[in-house]
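Everything below concerns the one structure shown next.
Predicted model only: the values in this text are computed from it and were never measured. Reckoned from all heavy atoms, side chains included, excluding hydrogens, waters and symmetry mates. Residue numbers start from 1 in every chain, and the chains themselves are labelled A, B, ... in the order their sequence lines are given, proteins ahead of strands.
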Protein chains: 2
Amino acid sequence: MVSFEKFIPGDGPIYQQIVLYIKREISAGNICSDDEMPSRRVLSSLLGVNPNTVQKSYKILEDEGIIQSHSGAKSLIVSDEAMRKKIRTELLEADAKNAVATLKQMGVSKNEAFDLIGRFWKEED
Amino acid sequence: MVSFEKFIPGDGPIYQQIVLYIKREISAGNICSDDEMPSRRVLSSLLGVNPNTVQKSYKILEDEGIIQSHSGAKSLIVSDEAMRKKIRTELLEADAKNAVATLKQMGVSKNEAFDLIGRFWKEED
DNA sequence: CAAACTGTACTATATGTATAATACAGTTGT
DNA sequence: ACAACTGTATTATACATATAGTACAGTTTG
């Protein structure tokens, strides 16, 4: 069963956060093919959001071929190694590009950026 | 005159992107007190967005004490060194925390993160 | 079989974001 | 003074996001 223990509410639309969470867990190897997704109703209750919001996330994951749903049964993850690598590359590029662009606009040097990342990495280990 | 040359459209509400852009430019020291903001109409035309959207940004900046507006005249930046440092700390903490949390959820190690940041830093220099 | 769960679909409502058009009073520059 | 700009305010419209409630057919489980 796919766990949402590490899910941390953040910025932006909730349905997008859920999609990203699943993609990142797949990217990390914490979710594999045939893992069961929690039902729409269960997850909505767990996250404290509306079932329709969760359904929107699942619809997107389904359209992208990341989960597979059979009416009446639980949705399953479908992600082979090629899919996992593709997702990982996409997410890492987007995150790194975003972080670098932001820090650079603020006039942070490469070394200062490393110090900063290193400091926050330690604080959470 | 405050320049928007480095402004790159991103994710999230436009009015928030404009607010963040100004804060990052102040943080970088590229914008100082008494610098003139472009008028609402000029900036909306420059960015290709609605004047009301720009107005919403300026209203937020005004409420946070970052700009000062006199009806009829151009809005001015008001940012002393204390304000600059406060803004810089806030933004750096938020950005670094966000980047670290994201990379960690994807199972990226500290060294891999440094490699990644370093790679994207070089590509844009 | 039957109860409980599942995915899916639909309507309605509220709020946030963005656009469009207009108006008016204050200032700036010639 | 006068034209051109400025900030500010208003109304209307449209789409995105999130919630609420309901419904129905397929499956899983006891």
Side-chain angles (χ1 to χ4, degrees), chain A residues 1-4 7-23 31 33-79 94, chain B residues 1-4 7-23 31 33-79 94:
Chain A
M1 172 68 77
V2 173
S3 161
F4 274 78
F7 182 87
I8 301 167
D11 292 335
I14 301 172
Y15 74 91
Q16 284 183 12
Q17 293 182 45
I18 295 174
V19 169
L20 271 180
Y21 177 82
I22 293 299
K23 287 185 177 178
I31 290 180
S33 261
D34 296 332
D35 279 352
E36 278 184 351
M37 292 286 283
S39 82
R40 275 79 165 161
R41 290 170 179 83
V42 166
L43 182 56
S44 73
S45 173
L46 183 66
L47 300 184
V49 301
N50 194 276
N52 296 328
T53 301
V54 175
Q55 164 61 12
K56 190 166 184 178
S57 312
Y58 282 34
K59 176 66 164 53
I60 292 174
L61 290 168
E62 176 111 41
D63 288 345
E64 296 191 13
I66 295 174
I67 70 173
Q68 194 173 339
S69 304
H70 303 78
S71 184
K74 289 215 186 93
S75 296
L76 298 179
I77 296 282
V78 279
S79 171
Chain B
M1 171 71 75
V2 173
S3 161
F4 275 78
F7 183 87
I8 301 167
D11 291 335
I14 301 172
Y15 74 90
Q16 284 182 12
Q17 294 182 43
I18 295 173
V19 169
L20 271 181
Y21 177 82
I22 293 299
K23 287 185 176 178
I31 290 179
S33 261
D34 296 331
D35 280 352
E36 280 185 350
M37 292 285 283
S39 83
R40 276 79 164 160
R41 291 169 179 84
V42 166
L43 183 56
S44 73
S45 173
L46 183 66
L47 300 183
V49 300
N50 194 278
N52 295 331
T53 302
V54 175
Q55 164 61 12
K56 190 166 184 177
S57 312
Y58 282 34
K59 175 65 164 53
I60 292 174
L61 290 169
E62 175 111 41
D63 288 346
E64 296 190 14
I66 294 174
I67 69 174
Q68 195 172 340
S69 305
H70 303 78
S71 185
K74 290 216 185 92
S75 295
L76 298 179
I77 296 284
V78 278
S79 171

Residue-phosphate contact under 4.0 Å: [X] side-chain N/O, [N] OP1/OP2:
X	N	value
A:R40	C:dT8	yes
B:S39	D:dC5	no
A:Y15	D:dA18	no

request  = Find the distance between OG (B:S33) and CD1 (B:I66) and round it off to the nearest 0.5 Å.
outcome  = 11.0 Å
query = Could you give the distance from CE (B:M37) to CD1 (B:I31), rounded to the nearest 0.5 Å?
reply =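 Answer rounded to 0.5 Å: 7.0 Å.
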ask   = If you check every side-chain atom of B:T53, which of C:dA18, C:dT8, D:dT19 has the closest atom?
value = C:dA18
note = Winner on side-chain proximity to A:N52, out of C:dA9, C:dT19, D:dT8, is C:dA9
query = Mind checking whether A:Y21 and A:F7 have parallel, tilted or perpendicular rings, split at 30° and 60°?
reply = perpendicular
How long is the line joining [atom1] of [X] and [atom2] of [N], in whole Å?
X	N	atom1	atom2	result
B:Q68	D:dG7	CD	P	13 Å
B:R41	D:dT6	CZ	C1'	7 Å
A:I14	D:dA20	CD1	P	11 Å

task = Any chance you could list the contact pattern along nucleotides 25-30 of chain C? Use B for base contacts, S for sugar-phosphate-only contacts and - for none, protein heavy atoms under 4.0 Å, 5' to 3'.
result = -BSS--
ask   = When you measure from the side chain of B:Q17 to the backbone N and O of B:P9, does any donor-acceptor pair fall under 3.5 Å?
value =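 Between the backbone of B:P9 and the side chain of B:Q17 there is no qualifying donor-acceptor contact (under 3.5 Å).
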